[in-house]
Amino acid sequence: MGFLDDGYLLETDAARTLYEAIADRPIVDPHTHADVAEIVENDGWSDIWEAEASTDHYVWALMRNRGIDEELITGDASNREKWNALAEAFPTFAGNPTYEWVHLDLKRRFGIETPISAETADEIWVETSAQLSDPEMRPQPLLREMGVEVVASTDDPTSSLEYHERAVDEVSGVDVVPTWRADRALTVDCAAFGDFVADLEDATGIETDGFAGFLEALSASHDYFAKRGCRASDVSVRQPVSRPVDESRARAVYERALAGGSVTDRDIEDFQAFLLEYVGELNAEKGWVTQLHIGPVRNYRSTLYERIGPAAGGDVSTGEVELTDSLGYLLNRLDGETEVILYALDPTHYPTMATMARVFPNVSIGPAWWFNDSPFGMERQLEYAGTVELLYEHAGMVSDSRKLLSYGSRFEMFRRSLANVVGRQVERGQMPMDVAHDVVSHLAYDRPKELYGF
């Protein structure tokens, strides 16, 4: 088998047949970190570093891992210098999915099959720069060329969604929809919580000095997003907490935090529990999906955070997250009320989440996320989830990407991995081919459309 050839990841004849059936199905991407302004303005990129690596935390982390100076990653070095540094290190990335994603991007979008290395850096730079000057290599035509039908961005409740409104008229053939990302509403223990409260008041025009106003403003923001096509909320937490908490208790914590008083661990947990239930109620009213991304330990590398700030690729996962007791109240509260998708950053949590999805018909396992969205991680998750719960009820794929060029590559990797998993079951006599075809076709496209109501 050649590098990224037609048989890439496909180990059986059945897998190859199944992949052919889903390879060209449209892409519905319910969770991205898309730059909607980039899509709407449609200016494109000037060079391969800007297109492939300027926003990609996966690339940054691997470059740091190879000892490359930060100046050549997020610093003031030129894009050409950064590309050369990346190209020199790139052969050492082999075995990591980033190695395959970037090469897939080059092959599928640019028609370049030359492996990246110090020796080929200049050749690839020149060829890609020439192609990127073509109007057909700008964001909107590329989305259409990749077959992207829906892109859901990730947006703070205080966002004006200006570019989403423009996208309705200025982006053809692709639906660009927001996602209500409520993380900052839960961070009552952070010094910046007051900033969020003030921003929410500015965005909605509702006074947030009092807790009732805060809840009303969140609801107004939720309504605002709904009118602009939003179909889901999202919250990322290291350790979820759910239990019945009176509004008076949450109000007391809110008022103390805004007044600059100290909050205890119990205060933080109670406030989070109240807000998670409140968000779930808002979602149930509108038929939105409730997404929970569980387990990230943010800004773990202090020197990186101090130099660059958050969202710089310095986060890690932990297995020390309790799910059964911590999610029990919320899942029972939302039972049959709203679709819930659970994402685990640490794969040791898949067994618990799979059993939760087994007993709650409205709970789904989200795709292998972040450190797990590799062929290895995706196949292991699909195999396990399909034996405990129903593979047919898996949530499908999301790119979770900050760069547009990788949407196609990440979905191709998922679809090939899915075909490989199901193809092995066909070859072992576990299901007939016609049933296997229905399963992969459902997960590749139909399932996310139905689940999110796109």
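All values below were derived from every heavy atom in this structure, side-chain atoms included, with hydrogens, water molecules and symmetry-related copies excluded. Position 1 is the first residue of the sequence; numbering continues from there.
Remark: R416 qualifies as a cation-pi partner of Y19 under the 6.0 Å distance and 45° angle criteria applied to the six-membered ring.
Between F214 and F211, the ring planes are parallel. Angles under 30° get that label, and only those over 60° would be called perpendicular.
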Kindly indicate, with the supporting measurements, whether the criterion side chain to side chain contact (heavy atoms under 4.5 Å, CB included) is fulfilled by F411 and M146. CA-CA 10 Å; F411 272 79; M146 286 187 280; over 6 Å; no
Audit row: N372, Q381, side chain to side chain contact (heavy atoms under 4.5 Å, CB included) steps and yes/no: CA-CA 9 Å; N372 306 304; Q381 191 215 41; over 6 Å; no
List the steps, then state whether side chain to side chain contact (heavy atoms under 4.5 Å, CB included) holds for V174 with Q140. CA-CA 8 Å; V174 183; Q140 292 183 31; over 6 Å; no
Where do F90 and F93 land on the ring-ring contact (aromatic ring centres under 6.0 Å, His included) test, with the steps shown first? CA-CA 5 Å; F90 215 76; F93 293 4; 5.1 Å; yes
Pair T158-D156, side chain to side chain donor-acceptor pair (under 3.5 Å): steps then yes or no: CA-CA 5 Å; T158 64; D156 191 86; 2.6 Å; yes
Working for side chain to side chain contact (heavy atoms under 4.5 Å, CB included), residues L218 and L275: CA-CA 10 Å; L218 285 175; L275 260 292; 3.7 Å; yes
Start with the C-alpha distance between R243 and D270, add both sets of side-chain angles, then the distance that settles salt bridge (Lys or Arg N to Asp or Glu O under 4.0 Å), and finish with yes or no. CA-CA 8 Å; R243 53 178 171 246; D270 282 350; 2.9 Å; yes
Tell me, with the steps shown, if R447 and E393 meet salt bridge (Lys or Arg N to Asp or Glu O under 4.0 Å). CA-CA 8 Å; R447 172 64 170 158; E393 293 298 308; 3.5 Å; yes
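The closest donor-acceptor contact from the side chain of R415 to the backbone of I22 lies under 3.5 Å. In this structure, N420 contributes its side chain and A15 its backbone to no donor-acceptor pair below 3.5 Å. The backbone N or O of T324 sits less than 3.5 Å from a side-chain atom of E322, completing a donor-acceptor pair. For D346 (side chain) and T348 (main-chain N/O), a donor-acceptor pair under 3.5 Å exists by modelled atom type. Looking only at distances, no side-chain donor or acceptor of T98 sits under 3.5 Å from a matching main-chain atom of Y58. H103 places a side-chain N or O within 3.5 Å of a backbone atom of I116 that can act as its donor or acceptor partner. A donor-acceptor pair is defined here as one N or O able to donate and one able to accept, closer than 3.5 Å; such a pair exists between the side chain of T179 and the backbone of S153.
Residues in residues 60-79 take part in these ring pair (Phe, Tyr, Trp, His ring centres under 6.0 Å) pairs, two or more places apart or across chains: H57-W60. Contacts classified as salt bridge (Lys or Arg N to Asp or Glu O under 4.0 Å) and involving residues 54-66 (residues at least two apart or in different chains) are given here: D56-K403, R64-E70. Pairs of residues two or more places apart, or lying in two chains, never qualify as salt bridge (Lys or Arg N to Asp or Glu O under 4.0 Å) while including a residue from residues 359-369. Sequence neighbours left out, the pairs with a member in residues 201-226 that pass salt bridge (Lys or Arg N to Asp or Glu O under 4.0 Å) are D223-K286. Annotation: salt bridge (Lys or Arg N to Asp or Glu O under 4.0 Å) contacts involving residues 350-373, sequence neighbours excluded, comprise D373-R410. Judged as a ring pair (Phe, Tyr, Trp, His ring centres under 6.0 Å), the pairs with a partner in residues 279-323 (not counting sequence neighbours) are, in order, H31-H293, H222-W288, H293-Y343, H293-W369.
Looking only at atom types and distance, the side chain of T74 has no donor-acceptor partner in the side chain of R307 under 3.5 Å away. Looking at Y8 and E100, their side chains do bring a donor and an acceptor atom within 3.5 Å of each other. E38 and Y163 share no donor-acceptor pair across their side chains, judged by distance under 3.5 Å alone. At a cut-off of 3.5 Å, with distance as the only test, no side-chain donor of R181 or S159 sits close to an acceptor on the other residue. There is no side-chain donor-acceptor pair under 3.5 Å between H33 and T55. Side-chain atoms of E247 and Y278 form no donor-acceptor pair, as typed in the model, at a separation below 3.5 Å.
Scanning for side-chain contact (heavy atoms from CB on, under 4.5 Å) contacts around A167 gives V40, V171, V176, with sequence neighbours left out. A search for ring pair (Phe, Tyr, Trp, His ring centres under 6.0 Å) contacts involving Y384 returns nothing, not counting sequence neighbours. For H349, the ring pair (Phe, Tyr, Trp, His ring centres under 6.0 Å) criterion is met by no residue, not counting sequence neighbours. Residues passing the ring pair (Phe, Tyr, Trp, His ring centres under 6.0 Å) test with Y392 are H442, sequence neighbours excluded. The ring pair (Phe, Tyr, Trp, His ring centres under 6.0 Å) test applied to Y407 returns no partner, not counting sequence neighbours. E320 meets the side chain to side chain donor-acceptor pair (under 3.5 Å) test with no other residue; sequence neighbours excluded.
Atoms CG and CZ, from D195 and R184 in turn, are 7.5 Å apart once rounded to the nearest 0.5 Å. A distance of 4.5 Å separates CZ of R249 from CG of D267, quoted to the nearest 0.5 Å. Note that CD1 of I294 is 4.0 Å distant from CE of M353, once rounded to the nearest 0.5 Å. The structure places CD of E52 at 13.0 Å from CG of N79, a figure rounded to the nearest 0.5 Å. Residue L342 holds its CG atom at 8.0 Å from CG of L323, rounded to the nearest 0.5 Å. Separation of atoms CZ (R25) and OG (S441) is listed at 4.0 Å; rounding is to 0.5 Å.
Between S233 and L282 there is no side-chain heavy-atom pair separated by less than 4.5 Å. When side chains are defined from C-beta on, D155 counts as touching H164, because their heavy atoms get closer than 4.5 Å. Side-chain contact check for M378 versus V421: every heavy-atom pair is 4.5 Å or farther apart. Taking the side chain as every heavy atom from C-beta outward, D29 and M397 never approach each other to under 4.5 Å. Counting only heavy atoms from C-beta outward, the side chains of Y452 and V150 never approach each other to under 4.5 Å. For the pair L292/L330, a side-chain contact is recorded, criterion being any heavy-atom separation below 4.5 Å from C-beta on. In this structure, P139 and W45 have side chains that are in contact, with non-hydrogen atoms separated by less than 4.5 Å. For the pair V289 and N283, the minimum side-chain heavy-atom distance is 4.5 Å or more.
What you find for N332 and G328 is that their closest heavy atoms are ND2-O, 2.8 Å.
A distance of 6.0 Å or more separates the ring centres of F271 and F274.
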